[in-house]
Q: 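Pasting in a structure now, in C-alpha cells, and then I'll have a few things to ask.
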2 protein chains.
Amino acid sequence: MTEPKDYKIAAVDRALALLEALADRPDQGVTSLAKSLGMTKSLVFRLLHTLEERGFVSRDPERAEYALGYRIGVLGERLGKDGALLYAARPVMDALRDQTSENVNLVVREGLKTYVLATRAGRHSIRLFAQAGRNGPLHAGGGSLLLLAYADPSVIDAALSQPLEAFTPYTITDRAKLRQALERIRANGYNIVLNDLDEGAFSVAAPITGADGTIIASISVAGAVARFDEERRESHLKAALDAAAEISERLSIHGPGENGRVKSRA
Amino acid sequence: MTEPKDYKIAAVDRALALLEALADRPDQGVTSLAKSLGMTKSLVFRLLHTLEERGFVSRDPERAEYALGYRIGVLGERLGKDGALLYAARPVMDALRDQTSENVNLVVREGLKTYVLATRAGRHSIRLFAQAGRNGPLHAGGGSLLLLAYADPSVIDAALSQPLEAFTPYTITDRAKLRQALERIRANGYNIVLNDLDEGAFSVAAPITGADGTIIASISVAGAVARFDEERRESHLKAALDAAAEISERLSIHGPGENGRVKSRA
DNA sequence: CCTCGATGTTTTATTGTGTGAAACATCGTT
DNA sequence: AACGATGTTTCACACAATAAAACATCGAGG
C-alpha cells in the first residue's frame, strides 16, 4: 500500500456522509444523526444548516427533523435513472471486460424493447455483437431474456402476445417453451444462451438490482461460441454475477461497502 | 436585515456550488470550473476528488472531465420527483396561504387522474375543498383543467374520450367547449374557474414548470365564491403566478436566484 | 407547578485544515 | 521543438472548522 495521498477535504466528506445517512433513514434529528455518525451535535447542526441553505436537506419546521431536500431531486433528475446506472456500471464493466476479455453489455428494458446502455469491446472479436443505443427484442439475447424473466407479469404477457421473430434457428418462438425458459432463469438467477439472437454467439447475463430492490438492468458477457467451453462458462458466470452484485451494491441506498471499491487502473 | 448569523461551512458550501455548476453544465474540467466559480484550481481539484470518492461526481478518465455521479441519482431516486416538488413547494405554499388567506393546493397529474400532493388550509373556510392524497378528475377543477391543458395531445384525447362526469351544473361536459377552454388556458397561462367541481368554490390555478421545462404541476388558490370579487381575482392571480414561478425557479437546474429566497417566518 | 432530562441552538478557544500561490507534469498544438 | 493550456502536487499560513460546554426550549412525570 502506497498510502495514496489523501486529498479528501474532511468537512465536505462529512457533509456527504450526512446526506447518505439521511437518505438511509430520513426524518432524523440533530442528536440522532450526531450519534450515529460519531460527530458532535454542533457540527451536525452546522452541516445541516449549510446543506439546508442550498436545499440539499429540508427541515420539518415543527418537528425539527431533517430529510433530503428538493435540490437532490432536481440534480438527480438531471442525471436520470439511466445516468446513475451508467455511471455506477462504468468501472465495473471495464473490470469485467479485463477479466473475461469478452464483450460486455449493459442492457435495460424500455417497454417491450430492450436498449443497450453501454458496451465494452472484448479483445477477441473484431465485431461487436451489440452496439450502444441499439434497440433489441425482449425474447432473444442473454440480457433481454433475463430482463423479461424478471419483468412484471403483465409485461411478459404483452411481450408474448406479440409475434416472436426468429433471428436464428435457435431463437425460442414457442410461447410455452419461452415461459419455461423464463421460469428457469428466475430459478437460476442468471441466464446463459447460445446462438439465439446472433448465430455463433454466446451470452452470460446476470441481473442488476436497483435502489428499490427491483431488477432494472442486466450485465452480460458475450462472445463467440468457439471460445466458450465448460471452464469459461463457469468463470464468466461468476464474473458476471460478481459484477452485477457490485453494481447493485453501488446503486443501493446504503451505497458501496468499504470493500466494494473498484481498484483503479495502475 | 438582522445579519442572520452565518453558520455556513464554507468548504461544504463550495462543494455544493460545485455540484450545482456541474449539473448546470456537465463535462467540465478543473480549470473551467475554477474559473466560473472563482475558486483556485487546487481547491476545485480537491473538492472534486472528495466528491468523486463518494460517487457524487464521476470523472471521464480519458478526458479528465467531470459530471454528476451516480450517487446523486441514487439519492435523488430516494426522494422522487414528487419529493423534490413537494419540498420545493412547501415554503412557497405557506407564503401563498399567508398572502391570500385562502386554501392552497398543489396538484399533479397521474395518467388520466389528478392527485393532490399537498394543501394549506386558508383562514376562512371551515371545510377544505381538497385533501392531500385525493384523486380527482382531469376535466374539472382549476388545477386539473390547467394540467390537462398543458398535457400531451394524446392525453387530452384520451381524457376526452372518457365519459365526462358533471360534478355540478357548471362542469363543462361538452367536448368542444372543453377544448376551447383548454385553448384559452394555454393562451392565458393560468386558469380561473368557478363552481365547476365544488359548487360555491372558486379556484385560481397557475402552472409549475419542472427542470426539463415541461409543466408538471399546478398550484392554486381556492375558496368560497362569496369572497371572490374583482380585486381579489387580480391579487390571487398574481400571487398564484408568482408562487408558481418561484417553485419553478427552485426546480430549475439553475436553481433559485439570489432573489428567490423565501423569507422564513419571524 | 416545578424539576428533570433530552433536544436543539449558540458561544468560544484552539487546532487543525482548508486554502491560495506557485512549482511541476502532461498533454495536444502550432 | 517550443509553446500554451490543462491537470496534479507541494507547502506554509491564516482562518475557519471543530469540540466542549453553556444556554434555551420543550415535554414528561412526580
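Proteins come first, then strands; the chains are lettered A, B, ... in the order of their sequence lines, and each starts at number 1. Side chains are part of it too, since the values below use all heavy atoms of this structure and drop only hydrogens, waters and symmetry mates.
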Q: With distance as the sole test, does A/R71 use its side chain to make a donor-acceptor pair with the main-chain N or O of B/R250 at under 3.5 Å?
A: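 Answer holds: yes.
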Q: With a cut-off of less than 4.0 Å, is there a side-chain N or O of B/T31 near OP1 or OP2 of D/dA5?
A: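 It does not, given that no N or O in the side chain of B/T31 lies less than 4.0 Å from OP1 or OP2 of D/dA5.
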Q: Check nucleotides 17-26 of chain D for protein N or O atoms closer than 3.5 Å to its own N or O atoms and list the pairs.
A:
residue	atom	partner	partner atom	Å
D/dA17	OP1	B/A10	N	2.7
D/dA17	OP1	B/A11	N	3.3
D/dT18	OP1	A/R14	NH1	2.4
D/dA19	OP2	A/T40	OG1	3.0
D/dA19	N7	A/S42	OG	3.2
D/dA20	N6	A/S42	OG	3.2

Q: Should the ring pair A/F228 and A/F202 be called parallel, tilted or perpendicular, given that the plane angle runs from 0 to 90° and is split at 30 and 60?
A: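 Rings of A/F228 and A/F202: parallel, as their planes differ by under 30°.
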Q: Does a side-chain N or O of B/Y7 approach OP1 or OP2 of C/dT10 to a distance below 4.0 Å, or not?
A: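 For C/dT10, OP1 or OP2 has a side-chain N or O of B/Y7 closer than 4.0 Å.
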Q: Taking only Lys NZ, Arg NE, NH1 and NH2, and the carboxylate oxygens of Asp or Glu, determine whether A/R90 and A/D94 approach each other closer than 4.0 Å.
A: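 No.
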Q: Using modelled atom types and a 3.5 Å cut-off, is there a donor and acceptor pairing between side-chain atoms of B/S203 and backbone atoms of B/G141?
A: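 No, because the side chain of B/S203 does not come within donor-acceptor range (under 3.5 Å) of the backbone of B/G141.
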Q: Counting only heavy atoms not in B/Y115, do more than 12 fall under 6.0 Å of its OH?
A: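 No, OH of B/Y115 has 12 or fewer neighbouring heavy atoms, counting only those of other groups under 6.0 Å.
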Q: Rounded to 10°, tell me the angle between the two end axes of the helix from C/dC1-D/dG30 to C/dT30-D/dA1, each built from five pairs.
A: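 Between the axes fitted at each end of the helix from C/dC1-D/dG30 to C/dT30-D/dA1 lies an angle of 30°.
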Q: Tell me if a side-chain donor or acceptor on A/R109 pairs with a main-chain N or O of A/L147 at a distance below 3.5 Å.
A: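 Not confirmed, A/R109 side chain does not pair with A/L147 backbone.
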Q: Given atom CD of A/E65 and atom C1' of C/dT7, what is their separation to the nearest angstrom?
A: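 Atom CD in A/E65 sits about 11 Å away from atom C1' in C/dT7.
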Q: Write down the distance between NE2 (B/H49) and P (C/dG18), rounded to a whole number of angstrom.
A: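 In whole Å, C/dG18 P lies 13 Å from B/H49 NE2.
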Q: So among B/R123, B/R227, B/R120, B/R232, which one has a side-chain hydrogen bond (donor to acceptor under 3.5 Å, both in side chains) with B/E102?
A: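 Option passing the side-chain hydrogen bond (donor to acceptor under 3.5 Å, both in side chains) with B/E102: B/R227.
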Q: Could you state the CG-C1' distance from B/L33 to D/dT8, rounded to the nearest angstrom?
A: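 To the nearest whole Å, that distance equals 15 Å.
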Q: Is it true that a side-chain atom of B/N103 and a backbone atom of B/G122 form a donor plus acceptor pair closer than 3.5 Å?
A: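 A pair under 3.5 Å: yes.
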Q: CZ of A/F45 versus C1' of C/dT11: gap in Å, rounded?
A: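 Those two atoms, CZ and C1', are 12 Å apart.
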